[in-house]
Amino acid sequence: MRDGKRRAAGPAVKKSPSRAPRTRKQKVWRVARWLLALGLVGALLVGAAFVVLYQTIDIPDPNEDFETQTTFVYFDDGKTELGRLATQNRVSIDLEQMPQSLKDAVVAAENDSFWTDSGIDPVGIVRAAFNNARGGSRQGASTITQQYVKVLYLSQEQSYQRKIKEAILSLKVQREQSKSRILEGYLNTIYFGRGAYGVEAATQAYFRRPAKNLDLRQSAVLASVLNNPGRFDPANGDDAREDLLERYRYTLGRMATLDMITDEEAEKAERRLPKFPPEEAESTYGDQKGHMLTMVRAELERLGFDPEEIQGGGLRVTTTFTPKAMAAAKQAVVEERPEGFKDKELHVGVASVEPGTGAVRGFYGGQDYLQSQINWAVSGGQAGSTLKPFALAAAIEQGFSLNDTFDGNSPYVLPDGTEVTNQGDASYGSAINMIYATQKSANSAFVDMTMAMDDGPEKVVETMNAMGIPPEEAGRRAAGFPSTSGGLEPVATVALGSATVSPINMANGYATIANEGVYAEPFIIEKVVDRGGETRYSHAEEGPEPKRVLDADIAADVSYALQQNVSGGSGTAALELGRPAAGKTGTATNGRDEVSSAWFAGYTPQMATAVMYVRGKGNEQLMGWLPEYFGGAYPARTWTNAMQTIMEGLPVEEFPEPVYVDGDAPTDGHAPYVPPPSPTQQQPQQPQQPQPSTDIETQEPSPSQEPSPTQEPSPTQEPSPSCDILGCGEPSSPPPSSPPPSPPSEPSGSPTPGAGPSRAAGPRGRE
């Protein structure tokens, strides 16, 4: 016990000496050992994972869009480009077709170690992974191989998972493909801006030339642009041009450093950018191009081509369209439609079809495709009296003659009590021949003629179908644009035109008359060649042969009647064409008894053209809205304007002389001609149609007087349209006070409107 303190019992406890504290160096070394161990373990795990991923990840199928090629569509010459059909604007070419300057410029600007590296950039992968993990901005530094793999096989997702997959696929592609193959695929796939994928499309977009003709400056520009197309496109303003110049000089400098070009070549090229042709402002589908390309795509499908091949199969399609006919149709509409009436409300459809071939040479579909996708040359409208020539052809086939007479008085009463009236309720006589009836567009005479035939309505529809007016219903691959005519039914008034017919089909029907009764199926595709150069379709070899559907003599007689409509009827505006022409005007009404369409269809021996004017949705009131609303006004003048351009330089050809075919008609005919009462005697004065303040309708000349082409009839009296659901006639003159002279019996004569042979009353009990 010491100092008053007692020790506890037991052995004495020895104190261990205290441990010296670790130095800073020891602490660092200890941490380093742990990190090294963890790094080794991590590396082993990453390596093992990479091996597993390399073994399990297969090269996927390429992204479909990047395997497509642009389909080119040409005018009839097979050389002048009309437009393109493409998922992506792309034309693949071989590496040998690319100039060395372009290949060098791209490698220098994008991946100068391309020819020697393993296909990946490990530093870039790690940097991108960490950056994306932190939520940072997009990082680049990928090799050409990685960019190619990302575009061709992967999505544009920015994640480290995608980056790792990109690296693995790049290594695999590097092992399976040569460097040249990779560079070729890259340059045919990468986006250069301006909607162009691949160097061939880019060269056309920026310099309007094929890639094989690129010079050093142009190659350096494309190699610079692909790094950031939005930023470096010189069309995007002065700032973009300055940025491009800086990147362009960088590219040339790298090329010189890598001994791809000399310092002198680089210095000379750096002084200025190459010249850029003005960028095309017109859209691929702007104006009428969209309507044309839409028709071409639909027709290719009808011919059996797969939609994917059409849109991205690299086809070369030659159409029947000619620049001249397309321009003529548009010019005629622009110059002849009334001032202040634009395509948004006033819809004009124009179509020209070549007799003998059925080739659709030109059309005008109406409003700019980018504003409205309705093609009025295809959609059409109520045909009105333009269908009457087909009824005349059907009647002559049944044995009637141009000289046979039918009831021209108004109204004509059908057996069920329905009244059919002529334009202005005009009466032309109880027995007028079909030349005069066609010239006057007498509804009553055409309905009387239809009723006089055996199964008349059915026969008229059958003849229409045979000559090129499609039926009401048809199969998917049936001919025509479109292949149906809505409302074309076998009724007594079928010739008056309540059915909906397109201008293309109407022109083709008239082309059958112009071609002396031989029908040719309308078509717009001449030839299709695939990207391998193989002809996949040729209309000359696979298209249907033209076929005779009407006797040539009958066609000559119908054509003669239509010539009289031009020379002295409602179609006199066509006289301005200055060469033989035949045609027919037409108007129709909707269910509200409103004038809903105005037509003129006609032809020369070399071309048939149809013009249709409609409003709004295609069946709205024209009377009181258009200054002149009959077929002989704006439609006929539009037809003449278009045909003047189309026929320019072509020889003047004459029509065949009329034959006056006269067979064994199914009825005994009609009573002798009885003239209507003179306007000064007991015939009541016709009520006047209310006249809009803007109306300047042209009065038709008297049948006893042949008008001069330049004669301007008096506008003081407006014809009253007898428009109903049965159709409309054309503006007419006052009824004749005496019968016109009879036509001669010989074909060589030039008959004038008049009565045909006297016959007994027909089976319908009319007098």
Asks: Evaluate the salt bridge (Lys or Arg N to Asp or Glu O under 4.0 Å) criterion for residues Asp239 and Arg231: first the C-alpha distance (whole Å), next the side-chain angles of each, then the deciding distance (0.1 Å), finally the verdict.
Replies: CA-CA 9 Å; Asp239 290 343; Arg231 177 183 175 188; over 6 Å; no
Asks: Quick one: is the NZ or CZ of Arg209 closer than 6.0 Å to the six-membered ring centre of Phe207, and within 45° of its axis?
Replies: no
Asks: Which atom pair, heavy atoms only, marks the closest approach of Asn236 to Ala240?
Replies: CB-CB, 3.8 Å
Asks: Return the orientation label for the Trp376 and His347 ring planes: parallel under 30°, perpendicular over 60°, tilted otherwise.
Replies: parallel
Asks: To the nearest 0.5 Å, what is the distance between CD on Gln331 and OG1 on Thr645?
Replies: 4.5 Å
Asks: Check salt bridge (Lys or Arg N to Asp or Glu O under 4.0 Å) between Arg297 and all other residues, then give those that pass, not counting sequence neighbours.
Replies: none
Asks: Could you walk me through whether Asp343 and Tyr364 satisfy the side chain to side chain donor-acceptor pair (under 3.5 Å) test, starting with their C-alpha distance in whole Å, then the side-chain angles of each, then the deciding distance to 0.1 Å, before giving a yes or no?
Replies: CA-CA 11 Å; Asp343 284 335; Tyr364 182 78; 2.5 Å; yes
Asks: Just jot down the side chain to side chain contact (heavy atoms under 4.5 Å, CB included) partners of Ala478, sequence neighbours excluded, or say none.
Replies: Ala474, Ser483
Asks: Of all residues at least two apart in sequence or in a different chain, which pass the side chain to side chain contact (heavy atoms under 4.5 Å, CB included) check with Asp77?
Replies: Phe75, Lys79, Thr80
Asks: Using ring pair (Phe, Tyr, Trp, His ring centres under 6.0 Å) as the criterion, list what pairs up with Tyr510, not counting sequence neighbours.
Replies: Phe390
Asks: Please name all residues satisfying salt bridge (Lys or Arg N to Asp or Glu O under 4.0 Å) with Glu521, sequence neighbours left out, ordered by chain then number.
Replies: Arg302
Asks: Step by step, would you call Tyr613 with Thr638 a side chain to side chain donor-acceptor pair (under 3.5 Å)?
Replies: CA-CA 10 Å; Tyr613 275 58; Thr638 302; 2.7 Å; yes
Asks: Please name all residues satisfying salt bridge (Lys or Arg N to Asp or Glu O under 4.0 Å) with Arg84, sequence neighbours left out, ordered by chain then number.
Replies: Glu81
Asks: Give me the atom names and distance for the closest heavy-atom approach of Gly313 to Arg531.
Replies: O-CD, 3.6 Å
Asks: So which pairs with a foot in residues 323-336 pass salt bridge (Lys or Arg N to Asp or Glu O under 4.0 Å), sequence neighbours left out?
Replies: Asp287-Lys330
Asks: Cut-off 3.5 Å, side chains only: do Lys344 and Ser372 have a donor facing an acceptor?
Replies: no
Asks: Please identify each residue that fulfils side chain to side chain contact (heavy atoms under 4.5 Å, CB included) with Pro234, with sequence neighbours left out.
Replies: Arg194, Tyr206, Arg241, Leu244, Phe276
Asks: Gln382 and Ser596: side-chain donor and acceptor closer than 3.5 Å?
Replies: yes
Asks: Any donor-acceptor pair under 3.5 Å linking the side chain of Thr322 with the backbone of Ala325?
Replies: yes
Asks: Who pairs with Thr71 by side chain to side chain contact (heavy atoms under 4.5 Å, CB included), at least two apart in sequence or on another chain?
Replies: Leu85, Leu315, Val317
Asks: Listing request: all salt bridge (Lys or Arg N to Asp or Glu O under 4.0 Å) pairs with a residue in residues 360-384, at least two apart in sequence or in separate chains.
Replies: Glu354-Arg361
Asks: Cut-off 3.5 Å, side chains only: do Ser441 and Lys388 have a donor facing an acceptor?
Replies: yes
Asks: Not counting sequence neighbours, list each pair that qualifies as a ring pair (Phe, Tyr, Trp, His ring centres under 6.0 Å) and has a residue in residues 293-326.
Replies: Phe321-Phe363
Asks: At what distance, to the nearest 0.5 angstrom, does OG1 of Thr438 lie from NZ of Lys584?
Replies: 7.5 Å
Asks: Taking only residues at least two apart or on different chains, which pairs with a member in residues 466-496 satisfy ring pair (Phe, Tyr, Trp, His ring centres under 6.0 Å)?
Replies: none
Asks: Could you measure the distance from the NE2 atom of His539 to the CZ atom of Phe523? Nearest 0.5 Å is fine.
Replies: 4.0 Å
Asks: Look at the side chain of Arg615 and the backbone N and O of Gln621, then say whether any donor-acceptor pair between them is shorter than 3.5 Å.
Replies: yes
